[in-house]
Amino acid sequence: MISDPKRLKALSHPLRWKLIDLLTINGSATATQCAEAVGESVASCSYHLNMLAKYGFVQQAEGGQGREKPWRLIDREQSYTHDGLSEEDTLAAEAATEALLEHEFQRMRDYLRTHDREPDAWRGFGGFTGMTQHLTAAEASQLREDIEALFQRYSGRNELENRPSGSRPVRFQLMSYAIPGTAETP
């Protein structure tokens, strides 16, 4: 759980989420490979990879020489909370959240714009669904745990050697929240 405001601020730049995403999918990549994948300059990717390294999110991977050394994630999961943070630190967490959400929404917009060009097998499952149900706080927590447990059936597949033939990276974004401005049912 990330609570250091400097580490949270490091996550507030949108390019850093793109780099984290790329390293999650590819396992490792050089600054040059990152630049080609995200459409930024090598210098910019190198700078942001170094910032992610400074705050403990990535590190140099095996292989490569000089400027062509690959980077890899230290941990594939970045978790943080706003709970118990000072006002200044809460602002850092909010900035990181906004950068992450913008990255996620942009990916969804990209998918929706291009999904009609996907092979039939990949077209049918994608999209987004919004569902609203009246739940207690305990039920909402349990439902989220149940959904996360379903996704964990496929854990370990981020490693290249564990990926089944025909697989692709698939992102499930679970957002759960009490609708703002509503009250508990008496």
Side-chain angles (χ1 to χ4, degrees), residues 1-86 88-108 110-111 144-145 147-175:
M1 186 65 70
I2 302 166
S3 59
D4 177 0
K6 290 180 181 172
R7 291 190 77 210
L8 289 169
K9 286 178 186 174
L11 294 176
S12 67
H13 195 284
L15 178 54
R16 294 180 191 157
W17 283 111
K18 287 181 183 180
L19 295 171
I20 288 170
D21 196 31
L22 181 68
L23 295 176
T24 298
I25 292 167
N26 293 347
S28 67
T30 65
T32 301
Q33 291 167 328
C34 289
E36 291 169 4
V38 301
E40 295 284 338
S41 71
V42 175
S44 179
C45 288
S46 180
Y47 171 79
H48 288 288
L49 285 164
N50 278 296
M51 291 304 290
L52 287 169
K54 178 179 178 179
Y55 293 104
F57 295 105
V58 302
Q59 65 186 15
Q60 294 278 306
E62 298 278 327
Q65 292 183 338
R67 295 180 148 259
E68 292 306 310
K69 287 188 176 181
W71 294 88
R72 70 174 190 83
L73 288 174
I74 292 173
D75 189 357
R76 290 183 189 272
E77 294 184 27
Q78 287 75 38
S79 297
Y80 56 92
T81 181
H82 300 192
D83 297 341
L85 297 178
S86 71
E88 181 181 342
D89 297 348
T90 297
L91 292 174
E94 288 173 0
T97 299
E98 287 185 20
L100 172 61
L101 287 174
E102 184 53 39
H103 172 66
E104 293 290 346
F105 292 146
Q106 185 58 51
R107 260 199 314 206
M108 179 57 82
D110 292 345
Y111 169 77
R144 183 181 178 102
E145 287 175 25
I147 292 169
E148 288 175 354
L150 286 172
F151 200 72
Q152 286 303 312
R153 287 186 199 170
Y154 307 98
S155 68
R157 291 184 175 189
N158 283 324
E159 304 305 325
L160 292 171
E161 64 274 6
N162 296 335
R163 295 177 184 172
S165 177
S167 68
R168 288 173 63 182
V170 174
R171 179 78 170 165
F172 278 79
Q173 185 67 35
L174 174 63
M175 295 188 293

Side chain to side chain contact (heavy atoms under 4.5 Å, CB included) between V38 and D21, intermediate numbers included: CA-CA 10 Å; V38 301; D21 196 31; over 6 Å; no
From [X] atom [atom1] to [Y] atom [atom2], the distance as rounded to the nearest 0.5 Å:
X	Y	atom1	atom2	answer
R7	F57	CZ	CZ	4.0 Å
K6	D89	NZ	CG	10.5 Å
L15	H48	CG	NE2	5.0 Å
I25	L160	CD1	CG	12.0 Å
E98	S12	CD	OG	10.0 Å
E36	L22	CD	CG	10.5 Å

Verdict with supporting geometry, Q60 and W71, side chain to side chain contact (heavy atoms under 4.5 Å, CB included): CA-CA 4 Å; Q60 294 278 306; W71 294 88; 2.8 Å; yes
How about E62: does its CD atom have over 12 heavy atoms from other parts shown lying under 6.0 Å from it?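 No - once you tally the heavy atoms of other residues, nucleotides and ligands closer than 6.0 Å, there are 12 at most.
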Counting only heavy atoms not in Y47 (residues, nucleotides, ligands), do more than 12 fall under 6.0 Å from its OH?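 Not more than 12 within 6.0 Å, no.
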Lys/Arg-Asp/Glu bridge criterion (N-O < 4.0 Å) met for E88, K9: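 Yes, E88 and K9 are salt-bridged.
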[X] side chain to [Y] main-chain N or O, any donor-acceptor pair under 3.5 Å?
X	Y	value
R163	R157	yes
R16	L52	no
S44	S41	no
N50	S46	yes

For a 4.5 angstrom cut-off between non-hydrogen side-chain atoms, does L11 reach I20? yes
With side chains defined as the heavy atoms from C-beta onward, is the minimum distance between Y154 and N162 less than 4.5 Å?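 Counting from C-beta outward, Y154 and N162 never come under 4.5 Å.
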L19 versus C34, closest heavy-atom pair with distance: CD2-CB, 3.6 Å
